[in-house]
Each structure stands twice: as C-alpha cells, then as structure tokens.
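Just so you know, these numbers come straight off a predicted model, no measurement behind them. So you know, we letter chains A, B, ... as the sequences are listed, proteins then strands, and number each from 1.
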Number of protein chains: 2
Amino acid sequence: MTTTRPLRADAARNRRSLLAAAADEFAERGLDASVADIARRAGVGKGTVFRHFATKDDLIAAIVLDRIDELNTAGQRLLEAADAGTALLEFLTVAAHQRQQRDLSFLHEAGGVNAEVARVREEMYRTVHRLVDRAREQDAVRADITGTDIILLMCAPNYVASYVPDAPPDLWRRYLAIIFDGLRPEGAHPLPHPPPTSA
Amino acid sequence: MTTTRPLRADAARNRRSLLAAAADEFAERGLDASVADIARRAGVGKGTVFRHFATKDDLIAAIVLDRIDELNTAGQRLLEAADAGTALLEFLTVAAHQRQQRDLSFLHEAGGVNAEVARVREEMYRTVHRLVDRAREQDAVRADITGTDIILLMCAPNYVASYVPDAPPDLWRRYLAIIFDGLRPEGAHPLPHPPPTSA
DNA sequence: TAACAAGTTGACCGCCCGGTCCGCTTATTG
DNA sequence: CAATAAGCGGACCGGGCGGTCAACTTGTTA
C-alpha cells in the first residue's frame with residue numbers, strides 16, 4: 001500500500017474546488033465540458049487539474065465514485081425500512097434527485113475502465129438487487145421485474161425530463177411516478193421480452 | 001420556388017449512400033460520429049458530403065426529417081384504428097422500433113434551428129396529442145397524462161435498453177411494456193407534479 | 001528564516017474536427 | 001464525339017481539445 005503524505009493546505013483546497021467545479025460543469029454541459037473551462041470555473045490553471053487528476057477520465061471517475069457511494073449508502077439504509085415498496089421508491093427518488101440537474105447518467109458508462117469505479121458500482125448494484133428482491137417478496141412490485149431492470153430504469157426519469165427546455169427542477173418526479181406505477185403488481189400485463197442478464 | 005434541375009445519376013446515388021451511411025454511423029456512434037468516417041463508409045470523399053449537405057447539421061436534419069415523417073405517417077394511420085389504446089401502444093412500438101439501434105433520440109434536440117424540421121416535428125407532435133386524446137377518451141390510458149408526456153416518454157425504452165452492453169435488439173420492448181403499464185388507468189396513483197407545458 | 005519540496009501556471013504540442021477550395025473526372029446533351 | 005457543366009476528392013485551414021513541461025511561487029519544516 002502506498003502511504004501518501006497529506007496534501008499541502010492550498011492543494012487540498014484546490015482539489016475540492018476542482019471537484020465542485022467539475023461536477024457543476026458536467027451537470028450543465030455534459031461530459032464534453034472542457035478541462036480548461038473547469039479549471040477557469042475553479043479559479044486555477046489548467047495544469048493544476050492534471051496535477052490532481054492524471055486524465056480527464058480520472059476526474060470524471062472521482063466524481064462518479066462519490067455519487068455512486070452516496071447512492072449505495074442510501075440504499076443500505078433503506079434496506080432496513082419495514083415497507084420495502086416505499087423503500088425502493090425512495091431509493092429511486094434519491095437517485096434521481098442526486099442528479100436532478102442535467103444527465104449524469106454517465107454513471108453507467110463512465111469509468112468502464114477504472115477498477116475502483118467498477119468495484120463500487122458492482123456493490124451498489126448488489127444493493128439495488130436486494131432492495132428489489134425485498135419489494136418483490138412483499139408484493140410491492142410485480143413479480144416479473146428484476147434488479148437489473150431497476151438499475152436500467154434508474155436514470156430514465158431524469159432523461160425524460162431533460163428534453164423539456166426550461167423544465168422545473170423536479171419534473172422528473174412526474175415520470176418517476178409513472179414508471180413506478182408500471183412496476184406495481186396491480187394491473188400488470190405480461191412482459192414481451194425476458195430481462196437482460198448482464199449489466 | 002427554386003426549380004432545381006434533377007441530380008446527375010451518380011450524384012443521386014452518392015446522396016443515397018451518404019444518407020444511409022450517416023444513419024448507420026450516427027446510430028452506432030451517436031451524433032459525434034465524424035463526417036470523415038461517414039464519407040469513408042459511403043465510399044466517397046469528404047468534400048462530397050459537403051456538396052450535398054452544407055453543414056453536418058444539415059445532414060443530421062435530412063435524416064431526422066425522414067424519421068419524423070415516417071413516424072407522423074404511422075401516427076396518422078393509427079388515428080383511424082378503432083381501439084385507441086392499442087393504437088397508441090403500436091405508435092410507440094413503431095417509434096421505438098424505427099430507431100431500435102442506438103439512441104437516435106436527438107430527434108428532439110437536432111435541428112432545433114432548421115425550420116423544416118421544426119415544422120414537421122410540430123405536425124408529428126400534434127398527431128401524438130390526438131392519439132393520446134383518443135386513448136384517454138376511451139379510458140385506455142390514465143386521465144392525468146398528456147400528449148406531451150407521451151412525446152417525452154417516446155424515446156425512453158430505447159434509452160433504457162441502450163445501457164445493456166450486448167443487448168438483444170428488441171430489449172426495448174420490455175421497457176416499453178413496463179412504461180405503458182404505468183400509463184394505464186388501472187392502479188394509477190396520483191402524479192406528484194403537473195405536466196410540462198412546452199416541448 | 002532559510003532551504004526545499006510541493007504545488008502552480010500558461011505557453012506549447014499533437015491530434016482531430018468541421019468546413020473550404022481548386023484541379024480533376026465524368027455524366028449529359030446536341 | 002466533342003463540349004460543357006455538374007460532380008468529385010483530398011490537401012489544406014483555423015480552432016479547440018486533452019495533455020505536457022519547465023520556470024516560477026508558496027506552504028512546510030527544522
């Protein structure tokens with residue numbers, strides 16, 4: 001294990017502003033936001049970005065890692081809830097709310113390379129599966145959906161809402177509600193296609 | 001009106017291969033696919049692309065125009081169907097199937113500038129509104145959803161399925177079915193957010 | 001406070017993109 | 001078949017990107 005000495009005070013401060021600036025910039029402009037813009041927003045030089053994060057992808061990975069971790073923590077907590085259906089809905093609410101801003105759904109795509117991201121993501125996926133299993137056992141969701149389905153549907157409400165030009169910030173709630181109604185057992189019609197196995 | 005003389009035979013052929021190649025390339029790689037790659041795939045020089053389409057955006061607009069037109073035609077036809085609920089579901093099926101490949105949802109974004117695209121799109125939107133109104137009158141969908149909701153949800157099944165690495169080509173059917181179940185009146189829970197007005 | 005390592009910076013590099021341009025090719029036409 | 005213009009192609013351009021580097025500044029430590 002590499003025991004790294006603590007960052008210098010100013011360096012630590014810069015690192016924080018950089019992460020915040022990058023999160024904002026990515027949220028507003030998507031992953032195409034330029035490193036130069038992020039640096040400007042954080043009030044540092046471009047070189048500083050690359051001192052803290054070897055590549056742009058590493059910067060993205062650092063942010064995604066945080067988000068996934070928060071999400072996983074929330075999920076773990078919700079596993080304790082008595083009502084598994086409400087717990088699942090709340091998990092999806094947290095997931096959507098966390099990135100209510102523009103599409104951060106790169107959560108799935110980003111850091112396909114980065115091992116750490118892959119690890120934490122797998123962990124979060126396992127939590128989701130457990131949440132779904134509990135909800136299914138309590139007949140709070142239809143019997144024919146899987147954890148993978150929910151993982152895939154997780155980002156859909158934000159995606160849908162993102163097409164509205166000047167959308168109110170919580171428009172996604174509307175579409176989460178519609179989709180969640182589609183997950184309930186009442187009035188469910190059989191699904192025409194089996195669930196995907198991977199992802 | 002500008003009466004343009006007919007294209008030369010080879011030029012017409014090139015135009016067709018170009019449109020096909022561009023559609024494929026965009027479908028596979030998204031809108032970031034480079035003009036050079038499209039030209040190569042079509043077996044022509046890069047200059048030829050710009051002879052037929054003044055800018056890359058114009059090329060995109062030409063493709064999107066076709067797609068929207070097809071969609072609108074299908075919608076018009078389905079307005080005649082007796083069962084408005086089934087008609088709406090089939091419309092969404094056509095919409096998803098048409099771009100079963102990777103995200104062509106730029107349907108909404110693309111050609112925000114192009115007047116022709118805007119016109120045809122508005123027309124298609126009107127058709128969707130009529131399909132939804134008919135379905136609502138027949139109680140085939142819940143009372144609290146609007147045409148705009150369906151327009152927004154239209155691309156969601158493909159979006160969701162696109163996250164699965166080697167997804168079977170019609171995985172979207174599964175998610176369309178789930179979402180459509182959420183649109184039915186049976187077991188509908190009240191929506192927490194009013195529908196968007198624009199878009 | 002002196003000395004050093006850690007951190008910062010912006011000019012710079014190579015790359016790839018959309019778009020231009022002009023010399024060449026070729027379908028069309030009488 | 002000759003003449004012509006429509007069409008073609010690829011070298012080229014400016015710009016913006018991610019990433020590098022060497023000269024400079026600054027927090028830290030004894």
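Pairs engaging residues 10-20 of chain B under the side chain to side chain donor-acceptor pair (under 3.5 Å) rule: B/R8-B/D10 [sequence neighbours left out]. Listed by first and then second residue, the side chain to side chain donor-acceptor pair (under 3.5 Å) pairs that reach into residues 177-187 of chain A are A/D181-A/R184, A/D181-B/R142, A/D181-B/H189, A/R184-B/H189, sequence neighbours excluded. Residue pairs that meet the side chain to side chain donor-acceptor pair (under 3.5 Å) test with at least one member in residues 39-56 of chain B, sequence neighbours left out, are B/E25-B/R41, B/E28-B/R41, B/D37-B/R40.
With sequence neighbours left out, the side chain to side chain donor-acceptor pair (under 3.5 Å) criterion links A/D66 to no other residue. Contacts of B/E70 classified as side chain to side chain donor-acceptor pair (under 3.5 Å), with partners at least two apart in sequence or in another chain: none.
Rounded to an integer number of Å, the gap from CZ of B/R40 to P of C/dG18 is 12 Å. Rounded to an integer number of Å, the gap from A/F53 CZ to D/dT20 C1' is 18 Å.
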### Task
Take nucleotides 2-17 of chain C nucleotide by nucleotide from the 5' end and write B, S or -, depending on whether a protein heavy atom sits under 4.0 Å from the base, only from the sugar-phosphate, or from neither.
----BBBBB------S
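Proximity note for B/F50 (side chain, C-beta onward) versus C/dG18, C/dT28, D/dT28: the nearest is C/dG18.
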